[in-house]
Number of protein chains: 2
Amino acid sequence: MSSPDDKRRTIRDVAKAAGVSISTASNALNGIGRTNAETREKVKRVADELGFRPNALARGLLTKRSHAIGMLTNDTYGRLTLPMAAGVSEILVDHGVSLFLCATNNDPRLAKLHLDALLDRQVDGIIFTATRIDLEPPPELLKLGIPVIYAFAQGPADSVSFHPDDAQGARIAVQHLHTLGRSRILHITGEQNYLAARIRADAYRELAGPSGQVMFGEWSEEWGHSAIDTVYSQSGPKPDAIFCGSDEIARGVIDALRDRGVSIPDDVAVVGFDNWEVVSKQTRPPLTTIDMELKELGHRAGLAILGLSRREKLEPGIVRLPCSLVARGSA
Amino acid sequence: MSSPDDKRRTIRDVAKAAGVSISTASNALNGIGRTNAETREKVKRVADELGFRPNALARGLLTKRSHAIGMLTNDTYGRLTLPMAAGVSEILVDHGVSLFLCATNNDPRLAKLHLDALLDRQVDGIIFTATRIDLEPPPELLKLGIPVIYAFAQGPADSVSFHPDDAQGARIAVQHLHTLGRSRILHITGEQNYLAARIRADAYRELAGPSGQVMFGEWSEEWGHSAIDTVYSQSGPKPDAIFCGSDEIARGVIDALRDRGVSIPDDVAVVGFDNWEVVSKQTRPPLTTIDMELKELGHRAGLAILGLSRREKLEPGIVRLPCSLVARGSA
DNA sequence: TGTTTTTGATAAAACCTTTTATCTCCTATA
DNA sequence: TATAGGAGATAAAAGGTTTTATCAAAAACA
């Protein structure tokens, strides 16, 4: 069962095999201090032959940097978190830093448990993510002694947060519709108590002018459907374009319009928000929508926490990252 | 900026404050060795007051157990991985074990990088997950020296894997339709080169009898739609129930049926597979479907890797976990 | 009273690195 | 030739914990 080379090689093994002291081996491998080029090469070669890899625990214990960071999320479903986590991890892995993922399920007890575990492991920093930008983060995060970055979540005043630029996203959606020559644009979106919904609606109103009309509701397909029913049961001019607050709402809108024999995009153009591909690629026609670039958000959050963990200073405040428009068939 | 209690307390601080030696403090805190009940209490109280938490790096270095495990996944989208990861983490956190999440993006270079990082960190074990059960895992996993569990992925012969029980899932779907009195059941599913699709189809055929018919295609809504077009363009008796290989396919099927004025579930009952709520809750009517219990799968994988990391023996082989039927309106 | 156990506590080693302070040659300078 | 300086290597300390071996004192025994 256990092979002879079962045990891991230590730097002591390397030193002995190369016929040098432990300190020389360390210096050679790290290219630090004064070492003869020849011995340096030899040590490196021997280390390679032995398959030596330094023990991150021992190194972290000494250097006070564990090269690990924790990601605390309250989202189990994964629509937002995993793309961001993948982005974070993608950046970190190139810097030799690993990522602890902690799903708190919105349970404060679990959050505390995870947070303590992260601190015990001496993580170099923490990224907190939520599923909306206007929820208070766990108060324990405030007085931590290690850097914290907020991604897709609200941080305290002197912290660094990364959000999608909801206003800009709404603007490029409306501008795209303007480019298509549409002028009677309707905005059907989710719950008004979501900050993101309000920001997008405000940006929409600025561009849409006096004819602009916002319908708040729920974040569901159902609501998109019933909103269309309402619109078409009223008299008066009908919209020639609809900007939806989510892809799910857009899907309901598209289905309801098709039921009524309205042609998309000829009669009514539709733009969604999220670029959640399971939805946006499957509507008929496929949905033109706004992508929040979650992976890029993860990249930026990862770079930020790396910087902070190296004691670099970062301008506090909310960084809003641009969204992009993904053109498919619906507009 | 830096408060006086900025630095973390060590066991040395506890020992000094309690007026005992380091070894006594350690023994008392861990309830090990011979310690007077009185001193034990005192040490614990002092540790509590000081907010002492042991350094996991130092502990891991000595005990050879890092109390961390790694999860290697090739899925960035998150539909399967995050629910499983949440299940794994839920189990682990209660045992004081943390989870490194490594998304490899199906990139062998990245997989190697992550794997090396995990080994450097002395993880106690690795869980490998894929998005289908019949892909070869990275060969590096085989000769690792630490335990590996395969979840939703194929492992080598002598390994422990956890899969959803696709056959049982298909059976309860068909049985449910039988219970509703349906006898002409059709199976519309995804690509035949997926093992899961073949297993489900075989189980379906056993129960459906000679009238059973399987249509393989793609894992898309589009395919569900066109499959229905095919069925209804042919002459002959029409099915009174359809068992679909995924929720997305089921959605296409439902939409196509509705377009044709077929009533669901009265004329045709529809059952899906996945219980991917963004789809299954949004169809009209909402979709009756099979849930693969991914979180439970994560639980089991977590328990298994915990066991292995404690050198407990586990029966090698594939453990198939039962699926459940979620009844909504479509059947 | 003298000897053996038992109890409770401790010093020190160990885990694997990195880093600081030393030490030994060798070469260049005066 | 004697000395300073530099190159290259090393011993030892440090980091925070667990564990083994040791030790002193108190309790039990003869």
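Per chain, numbering begins at 1; letters A, B, ... match sequence-line order. These values consider heavy atoms only, across backbone and side chains, with no hydrogens, waters or symmetry-generated copies.
Here C/dT19 presents its P atom at 13 Å from CG of A/Leu29, a figure rounded to the nearest Å.
The NE2 atom of B/His299 sits 4.0 Å away from the CD atom of B/Glu90 when rounded to the nearest 0.5 Å.
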What does the B/S/- profile of nucleotides 10-22 of chain D look like, 5' to 3', with a 4.0 Å heavy-atom cutoff to protein?
BBB-BBBBBB---
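A close approach under 4.0 Å does not occur between any side-chain nitrogen or oxygen of B/Thr39 and OP1 or OP2 of C/dG8.
Salt bridge absent: A/Glu38 and A/Lys42 never bring a charged side-chain N and a carboxylate O closer than 4.0 Å.
Listed by chain and number, the residues in a salt bridge (charged side-chain N to carboxylate O under 4.0 Å, His left out) with B/Lys112 are B/Asp116 (sequence neighbours excluded).
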Could you check A/Phe152 against A/Phe162 for ring pair (Phe, Tyr, Trp, His ring centres under 6.0 Å), going step by step and ending with a plain yes or no?
CA-CA 6 Å; A/Phe152 218 111; A/Phe162 291 89; over 10 Å; no
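Side-chain contact check for B/Ser66 and B/Arg121: no donor-acceptor pair (N or O, by modelled atom type) lies under 3.5 Å.
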